[in-house]
Amino acid sequence: MKKANIDILRVLVPVLFVLVWCTMPSFANTKTFQEGHIVLNSNSFHAQKRSSFSVDGLAESPGRGLTLVHFNSPTTFEFKSFDTHSSEEAARELVKTLGAMQKNKAVYALLAHDSASKSLAKFTENLKKMGFLVLANLSSRQAYTMHNFDGKINEKADDTSISVSLTLPKNTKDHREYFPRVRYDFEPSNDRYIAHAGGEVDGIKSTNSLEALDQNYKKGFRLFELDILKTSDGKYVAAHDWKMWARFTDYNGTLPVSHSEFMKHKIYGEYTTLDFEGINKWFAAHPDAILVTDKINDPIKFANRFVDKKRLVMELFSLMAVEEASKKGIPAMISQEPLAKIKGDKLAYLAINNIKYVALSRRIIARETQLLLQLREQGIKVYVYNVNFDPGKDEKYVQENEIGLVYGMYADKWVFDQQ
């Protein structure tokens with residue numbers, strides 16, 4: 001692929017990430033804007049696309065359930081998503097907040113995403129008394145919007161989708177903050193940042209290249225994630241996935257490739273690919289650097305070949321692999337899926353298996369706050385991925401809103417003097 005195409009990809013790749021379908025829990029936040037419009041786009045489960053709301057073009061992606069948008073003033077708003085599908089506690093909190101807002105004559109809007117009504121069933125009578133007649137009778141997986149900009153409750157429901165555009169309210173009387181940002185104290189440290197896929201190189205993400213390691217080491221990173229794949233002849237190499245590697249190198253043949261074929265190609269014609277020999281050579285030359293693996297789930301075979309097991313953390317994707325690593329003293333980072341599969345006391349399991357690291361999506365932070373606080377209390381370091389996958393949820397956002405509750409993040413880039 002020619003260097004001239006890089007700028008095009010830099011534009012297209014973030015756009016494609018935004019379009020990926022996934023469920024993302026939201027986090028309370030306050031934004032500022034100029035006068036204009038708010039657009040509510042509610043999509044039910046059947047629509048199979050994300051819901052959103054935007055204020056003067058500033059878009060936000062709500063989580064599953066009902067998202068409540070409160071206007072503190074004509075120039076500020078705050079919002080929070082309540083998973084009223086799966087959490088009765090979230091439904092209770094939403095109803096309580098709506099009651100307080102009505103009492104305080106607040107101006108607000110509601111929209112549903114995916115599925116919103118299941119856990120509201122116990123609060124039907126409360127909602128009816130408050131005047132939310134449509135919401136009280138909302139069917140499973142329906143789209144829903146509501147606003148009281150004209151002083152009355154205006155509700156809509158649909159089996160698939162609703163889009164409503166409204167002039168922003170100018171006469172707000174309730175200036176309270178119902179969703180204040182929660183901040184957690186933490187000590188700055190370079191080990192809170194893992195260079196995702198080697199880190200960004202010349203503005204390009206996910207290369208897993210030698211140049212990415214070199215550039216980000218100079219910037220201050222000391223933890224480096226590499227995606228480890230196997231070639232067709234069973235050799236370990238660093239690449240995010242075979243299809244992406246083929247796009248990066250303009251390779252048009254059969255995938256996966258052999259080790260010799262892999263080593264013939266450069267990413268975008270200039271960035272050096274890494275096989276296991278190259279990985280070991282680089283980490284041997286940088287004795288304070290730590291390798292964090294992704295994709296590979298064979299801890300014993302990989303660790304036995306790595307240059308220094310003491311500088312290896314392996315993200316693992318099954319409880320069997322976690323337990324194998326534990327028995328051999330290989331530092332393991334349990335991933336989100338096996339963590340969810342632990343039966344009984346998760347903290348006890350992690351302690352028994354000497355697990356010091358957890359990797360999970362930042363999209364589940366809102367619904368797993370209690371677990372994250374318990375992990376923090378136990379001294380387990382939680383690193384979040386899916387940074388830069390959603391609009392506005394970049395490294396700075398994670399630093400300002402989530403670090404402290406979680407220990408660190410997989411970062412494409414970071415300026416270490418801004419901690």
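Residues: numbered from 1 along the sequence shown.
- T67 has its side chain out of reach of L110: every pair of non-hydrogen atoms, C-beta onward, lies at least 4.5 Å apart.
- Ring geometry for F306 versus F302: interplanar angle under 30°, hence parallel rather than tilted (30 to 60°).
- Between N41 and S163, the closest heavy-atom pair is OD1-OG, 2.7 Å.
- Counting heavy atoms from C-beta outward, F416 and N190 have side chains that approach closer than 4.5 Å.
- Not less than 6.0 angstrom separates the ring centroid of H70 from the ring centroid of Y108.
- The main-chain N or O of R176 is found under 3.5 Å from a side-chain atom of N72 such that the two form a donor-acceptor pair.
- A salt bridge is defined here as a Lys NZ or Arg NE, NH1 or NH2 lying under 4.0 Å from an Asp or Glu carboxylate O, and K281 with E277 fails to meet this definition.
- F186 does not carry R192 over the face of its six-membered ring by the limits of under 6.0 Å from the centre and within 45° of the normal.
- Of the N and O atoms on the side chains of N104 and Y178, at least one donor lies less than 3.5 Å from an acceptor on the other residue.
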Check your understanding: Please walk me through it: do Y357 and Y407 pass ring-ring contact (aromatic ring centres under 6.0 Å, His included)?
Key -> CA-CA 9 Å; Y357 309 97; Y407 187 82; 8.6 Å; no
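- Contact check for N126 versus F132: no side-chain heavy atoms found under the 4.5 Å cut-off.
- Neither side chain, K205 nor N388, offers a donor N or O lying under 3.5 Å from an acceptor on the other.
- Judged by distance alone, the side chain of D308 and the main-chain N or O of I290 form no donor-acceptor pair under 3.5 Å.
- In this structure, F179 has its ring center at least 6.0 angstrom away from the ring center of F79.
- Salt bridge status for E261 with K264: present, with a side-chain N to carboxylate O gap under 4.0 Å.
- Ionic pairing of D233 and K235 is not present here: no N-O contact between side-chain nitrogen and carboxylate oxygen is shorter than 4.0 angstrom.
- Contact detail for M333 and V313: the closest heavy-atom pair is CB-CG1, 3.8 Å.
- The closest side-chain donor-acceptor pair between N354 and S326, if any, does not fall under 3.5 angstrom.
- With contacts defined as side-chain heavy-atom distances shorter than 4.5 Å, the pair W282/L291 does not qualify.
- Shown here for T145 and S42, the closest heavy-atom pair between the two residues is CG2-CB, 3.8 Å.
- A donor-acceptor distance shorter than 3.5 angstrom exists from the side chain of N208 to the backbone of D227, with no hydrogens or angles considered.
- Side-chain contact check for Y271 versus I204: some heavy-atom pair is nearer than 4.5 Å.
- Screening K80, M146, M101 for a side chain to side chain contact (heavy atoms under 4.5 Å, CB included) with L68, the sole residue that qualifies is M101.
- Side chains of S117 and Q142: a donor-acceptor N/O pair is absent below 3.5 angstrom, by distance only.
- Using a 4.5 Å heavy-atom cutoff, the side chains of D275 and M263 are in contact.
- The cationic atom of K393 (NZ for Lys, CZ for Arg) lies less than 6.0 Å from the six-membered ring centre of Y397 and within 45° of the ring axis.
- Aromatic ring pairs are classed by plane angle as parallel below 30°, tilted from 30° to 60° and perpendicular above 60°; the pair F71 and F77 is tilted.
- Between E323 and K327 there is no salt bridge, since no side-chain N of the basic residue sits under 4.0 Å from a carboxylate O of the acidic one.
- Under the 4.5 Å side-chain criterion, counting only non-hydrogen atoms from C-beta, S318 is not in contact with P338.
- Side-chain contact check for T231 and H259: no donor-acceptor pair (N or O, by modelled atom type) lies under 3.5 Å.
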**Study point:** ring-ring contact (aromatic ring centres under 6.0 Å, His included) between H265 and Y251, worked out
**Key:** CA-CA 8 Å; H265 300 270; Y251 179 78; 5.5 Å; yes
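- Ring geometry, H196 versus Y410: the interplanar angle exceeds 60°, so the pair is classed perpendicular (tilted spans 30 to 60°).
- Between Y193 and W414, the ring planes are parallel. Angles under 30° get that label, and only those over 60° would be called perpendicular.
- Of the possible donor and acceptor atoms, one in the side chain of N297 sits under 3.5 Å from a partner among the backbone N and O of F317.
- Between the S87 side chain and the T84 main chain, no donor and acceptor come within less than 3.5 Å of each other.
- By the 4.0 Å N-to-carboxylate-O rule, K122 lies close enough to E88 to be salt-bridged with it.
- Looking at D191 and K381, a side-chain N of the basic residue comes within less than 4.0 Å of a carboxylate O on the acidic one, giving a salt bridge.
- A cation-pi arrangement is absent between R311 and F283 under the rule of less than 6.0 angstrom and at most 45 degrees off the ring axis.
- The side-chain heavy atoms of L135 and L66, taken from C-beta on, include a pair separated by under 4.5 Å.
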